[in-house]
Amino acid sequence: MQQKVALPSVDLLLELGVLLVRVTLRPFRVSDVDDFMLWAGDEQVTRTIRWKTITSKKEALTFIKEVCIPHLFCRSICIDDRSIGFVLVIRWSGGDRHKADIGYGVASKYWGQGIATKAVKMVISEVFKDFPDLLRLQAFTVVENIASQRVLEKAGFTREGLLRKYTFLKGQLKDSVIYSLSSTDSNGAVDDEV
């Protein structure tokens with residue numbers, strides 16, 4: 001007997017589409033502190049990223065001022081100019097300056113709505129344009145973070161492999177999956193499909 005799958009309502013699909021149109025990226029501002037606290041203080045969000053969970057407004061202000069604002073490429077993911085997450089690109093140096101790592105996080109309230117995918121796609125165009133010598137953008141995600149793997153795949157990244165016992169995260173040794181996107185890959189272009 002076949003199970004009937006409930007399809008999302010037209011209203012929900014329209015709402016998600018409108019939400020995605022309102023996603024923007026911009027540099028962090030000190031005035032983001034209250035919004036920043038909502039997601040950077042959420043252990044659900046920070047459990048799979050290297051940032052520790054922010055526990056006070058003072059700590060959040062310090063982090064924004066000392067890490068986010070001066071960073072070469074740390075952007076706030078916004079809806080209606082309110083910070084709901086981040087995307088970060090870290091350039092390598094020396095003989096490895098042709099590559100960079102990308103990381104991101106979104107408030108748990110917005111999970112599963114295509115926002116991280118949209119933000120990563122937006123960054124792909126921007127970063128390859130801003131850094132013409134950048135040939136490779138790569139991402140590492142712990143094996144358990146299936147949602148992040150889907151974000152990367154939808155954004156056009158290629159899964160390269162499993163890195164066993166690769167990283168310490170929150171005091172535990174974890175296996176990681178590595179993904180990459182080359183500046184010459186045709187699937188890295190920004191589009192409206194998420």
Side-chain angles (χ1 to χ4, degrees), residues 12 15-93 100-127 130-131 137-152 154-155 166-174 176 190 194:
L12 176 61
E15 184 179 322
L16 289 174
V18 168
L19 190 62
L20 287 177
V21 169
R22 295 173 20 218
V23 173
T24 58
L25 300 178
R26 63 163 170 76
F28 277 92
R29 302 185 289 237
V30 172
S31 60
D32 290 326
V33 68
D34 291 327
D35 293 329
F36 182 88
M37 282 290 301
L38 293 176
W39 56 266
D42 181 350
E43 288 185 5
Q44 282 186 283
V45 175
T46 60
R47 76 172 188 258
T48 59
I49 61 175
R50 294 193 178 277
W51 295 3
K52 71 182 198 103
T53 305
I54 303 294
T55 58
S56 72
K57 190 169 182 172
K58 181 181 177 187
E59 189 178 7
L61 274 171
T62 300
F63 195 86
I64 290 170
K65 288 178 185 176
E66 295 179 6
V67 177
C68 299
I69 292 173
H71 194 281
L72 181 63
F73 200 101
C74 183
R75 301 290 186 268
S76 176
I77 301 170
C78 298
I79 293 179
D80 298 333
D81 207 38
R82 304 277 312 259
S83 181
I84 63 153
F86 77 96
V87 62
L88 174 74
V89 175
I90 302 170
R91 293 282 315 262
W92 289 49
S93 60
D101 295 344
I102 186 171
Y104 47 87
V106 174
S108 56
K109 169 183 176 179
Y110 296 101
W111 288 356
Q113 298 179 42
I115 292 168
T117 302
K118 171 96 175 182
V120 169
K121 286 182 175 185
M122 291 167 74
V123 166
I124 290 168
S125 318
E126 190 175 337
V127 81
D130 289 353
F131 306 113
L137 191 56
Q138 60 189 25
F140 299 85
T141 180
V142 292
V143 170
E144 300 86 21
N145 195 346
I146 303 298
S148 187
Q149 293 175 47
R150 283 295 297 137
V151 165
L152 294 165
K154 286 180 178 182
Y166 186 75
T167 191
F168 272 97
L169 184 64
K170 312 292 189 221
Q172 294 183 332
L173 187 58
K174 299 276 189 176
S176 292
V190 172
V194 177

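As a basis for the values below, the full set of heavy atoms in this structure was taken, side chains included, without hydrogen atoms, waters or symmetry mates. In this text the structure is predicted, and so the values were computed from the model without any measurement. Index from 1, following the sequence.
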Query raised in the report: Between SG of Cys78 and CD1 of Ile115, what distance do you get to the nearest 0.5 Å?
Result: 11.0 Å
Report summary line: Separation between CD1 (Ile64) and CZ (Phe36), nearest 0.5 Å, reads 5.0 Å
**Report entry** Working for side-chain contact (heavy atoms from CB on, under 4.5 Å), residues Ile84 and Asp35
**Finding:** CA-CA 7 Å; Ile84 63 153; Asp35 293 329; over 6 Å; no
**Report entry** From CZ (Arg47) to CG (Asn145), nearest 0.5 Å
**Finding:** 7.0 Å
Report summary line: For Arg91 and Phe131, the nearest pair of non-hydrogen atoms, with its separation, is NH1-CD2, 3.0 Å
Query raised in the report: What's the shortest heavy-atom distance between Leu88 and Cys74, and which atoms?
Result: CD1-CB, 3.7 Å
Report task. Please name the pair of heavy atoms, one in Trp92 and one in Gln138, separated by the smallest distance, quoted to 0.1 Å. Result -> CZ2-NE2, 3.5 Å
Report summary line: Only residue of Phe63, Phe73, Trp51 satisfying ring pair (Phe, Tyr, Trp, His ring centres under 6.0 Å) with Phe86 is Trp51
**Report entry** Donor-acceptor contact below 3.5 Å, side chain Asp80 vs main chain Arg82
**Finding:** no
Requested in this report: Under the side-chain contact (heavy atoms from CB on, under 4.5 Å) rule, what do Gln149 and Ile146 come out as? Steps first, then yes or no, please.
Outcome: CA-CA 5 Å; Gln149 293 175 47; Ile146 303 298; 4.0 Å; yes
Query raised in the report: So do the side chains of Thr141 and Val151 get within less than 4.5 Å of each other, counting heavy atoms only?
Result: no
Query raised in the report: Using 30° and 60° as the class limits, which term best fits the ring planes of Phe28 and Trp39: parallel, tilted or perpendicular?
Result: tilted
Query - Test item: Tyr104 side-chain N/O and Ser148 main-chain N/O as donor-acceptor pair under 3.5 Å - result: yes
Report task. Answer yes or no: is there a side-chain heavy-atom contact under 4.5 Å between Val89 and Asp101? Result -> no
Query raised in the report: Should Arg29 and Asp81 be marked as a salt bridge (Lys or Arg N to Asp or Glu O under 4.0 Å) after you check the CA-CA gap, both sets of side-chain angles, and the distance that decides it?
Result: CA-CA 11 Å; Arg29 302 185 289 237; Asp81 207 38; 2.5 Å; yes
Query raised in the report: Does the side chain of Ile79 reach to within under 4.5 Å of the side chain of Gln113, using non-hydrogen atoms?
Result: no
Query - Under 3.5 Å: donor-acceptor pair, side chain of Lys174, backbone of Glu144 - result: no
Requested in this report: Check whether any side-chain heavy atom of Ile77 lies under 4.5 Å from a side-chain heavy atom of Met122, and answer yes or no.
Outcome: no
Query - Residue Tyr166 excluded, over 12 heavy atoms near OH under 6.0 Å - result: no
Query raised in the report: Closest heavy-atom contact between Lys65 and Pro70?
Result: O-CD, 3.1 Å
Requested in this report: Locate the shortest heavy-atom distance separating Ser83 from Ser76; write the atom from each residue and the value.
Outcome: OG-OG, 2.8 Å
Query - Test side-chain contact (heavy atoms from CB on, under 4.5 Å) applied to Val127 and Ile102, step by step - result: CA-CA 10 Å; Val127 81; Ile102 186 171; over 6 Å; no
Report task. Apply the test side-chain contact (heavy atoms from CB on, under 4.5 Å) to residues Val106 and Lys118: give CA-CA distance (whole Å), side-chain angles for both, the deciding distance (0.1 Å), then the verdict. Result -> CA-CA 11 Å; Val106 174; Lys118 171 96 175 182; over 6 Å; no
Requested in this report: For Lys109 and Asp42, run salt bridge (Lys or Arg N to Asp or Glu O under 4.0 Å): C-alpha distance rounded to whole Å, both residues' side-chain angles, the deciding distance at 0.1 Å, then the answer.
Outcome: CA-CA 10 Å; Lys109 169 183 176 179; Asp42 181 350; over 6 Å; no
Report task. Could you go through the salt bridge (Lys or Arg N to Asp or Glu O under 4.0 Å) check for Lys170 and Glu43 one step at a time? Result -> CA-CA 11 Å; Lys170 312 292 189 221; Glu43 288 185 5; over 6 Å; no
Query raised in the report: Which heavy atom of Val143 sits nearest a heavy atom of Ser176, and at what distance?
Result: CG2-N, 4.2 Å
